[in-house]
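Counting convention: from 1, in listed order, for ligands and their atoms alike.
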Amino acid sequence: MRKKLVAGNWKMHGSLVENAALLAAIKPALQGIEAAVCVPFPYLGQAQAALAGSSIAWGAQNLSEQTKGAFTGEVSAAMLVDFGCRYVIVGHSERRSLYGESDELVAKKYMAAQAAGLTPILCVGELLAEREAGVTEAVVARQLDAVIAAAGVASLARAVVAYEPVWAIGTGKTATPEQAQAVHAFIRSKVAALDVGVAAGLVIQYGGSVKASNAAELFIQPDIDGGLIGGASLVADEFVAICRAAAK
Ligand code: 13P
């Protein structure tokens, strides 16, 4: 049985004061439940101090594909390791669409993360227009193929994939459990065509307007192994309920 994993993606939200309250609320409530929070870079030290020794891991939302050097404003994988990160999100749709990250750049970031011992959470997912045009599987396949071509299918044994349909992110429009399951099954079968063992162990999260009220029906699907949670990860009671739904 695969473990389910819920990770919060705080995006560009929070402050020292707000984070302290949120972390203090989720930590005792999630005792013994494996979960993660991906926080803005400046708050990694705060997350590390608050969560060390707990069952909640922490990570970042982006990293540089470079290891070091004259890359003003960038943050390397080694720097994330310095702050005890376990996870780093790569290829989030906001990075792809707002910051022009290509499939090839995402693959380089994925490899940089793994080379430093981090577990990348690789985001894939289609735009609304792509779903309506019937090319969801082609888009997701292209995004996955870029990483598999660069890093090999075996690398997915040290990664998490998050299926996040772009039209469901921050819109309140969740994919139905059936819609999400279909794409998750497609992703798993695609990986299985290359490596059955890696496919069986691959954690595939769903992301896009997951809330306490819809988490259980999503997580019960056979190929949905937890979630990547945006807005609801900023509300302690919501995030705790979502993590508990995955732990059932
Ligand atoms: P929401 O949960 O706010 O829709 O965001 C999903 C997401 O983008 C997580 O990475």
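Here the side chain of D223 pairs no donor or acceptor atom with the backbone of S189 at under 3.5 angstrom. In this structure, the side chain of R96 engages the main chain of C123 through a donor-acceptor pair within 3.5 Å. A distance-only check finds no donor-acceptor pair linking the side chain of E164 to the backbone of G125 [under 3.5 Å].
In summary, the atoms of ligand 1 found under 4.0 Å from a heavy atom of H92, numbered by their order in the structure, are 7 (C), 8 (O), 9 (C), 10 (O). Counting atoms of ligand 1 from 1 in the listed order, those under 4.0 Å from a heavy atom of G208 are 4 (O), 6 (C). Near K11, the atoms of ligand 1 lying under 4.0 angstrom from a non-hydrogen atom of the residue are 5 (O), 6 (C), 7 (C), 8 (O). For ligand 1, the atoms lying closer than 4.0 Å to a non-hydrogen atom of G170 are 1 (P), 3 (O), 4 (O). Under a 4.0 Å criterion applied to the non-hydrogen atoms of G231, ligand 1 contributes the atoms 1 (P), 2 (O), 3 (O). Here is the list of ligand 1 atoms found below 4.0 Å of a heavy atom in E164: 6 (C), 7 (C), 8 (O), 9 (C), 10 (O). Residue-ligand proximity, G230 to ligand 1, at heavy-atom distances under 4.0 Å covers atoms 1 (P), 2 (O), 3 (O), 5 (O), 6 (C), 9 (C).
The two residues A25 and A236 make their nearest non-hydrogen contact at CB-CB, 3.6 Å. Residues R86 and E34 approach most closely at NH1-OE2, 4.1 Å, considering heavy atoms.
Here I220 pairs with nothing under the side-chain contact (heavy atoms from CB on, under 4.5 Å) rule; sequence neighbours left out.
Within the 4.0 Å heavy-atom shell around ligand 1 one does not find A232. Taking 4.0 Å as the cut-off, K211 does not count as a neighbour of ligand 1 on heavy-atom distance. Distances shorter than 4.0 angstrom occur between a heavy atom of A168 and an atom of ligand 1.
Here I169 has heavy atoms under 4.0 Å from ligand 1 in both its backbone and its side chain.
Under the side-chain hydrogen bond (donor to acceptor under 3.5 Å, both in side chains) test applied with Y163, the options E126, Q205, H184, Q181 reduce to a single match, E126.
Summarising the local packing, CG of D237 is surrounded by 12 or fewer heavy atoms from other residues, nucleotides or ligands at distances under 6.0 Å.
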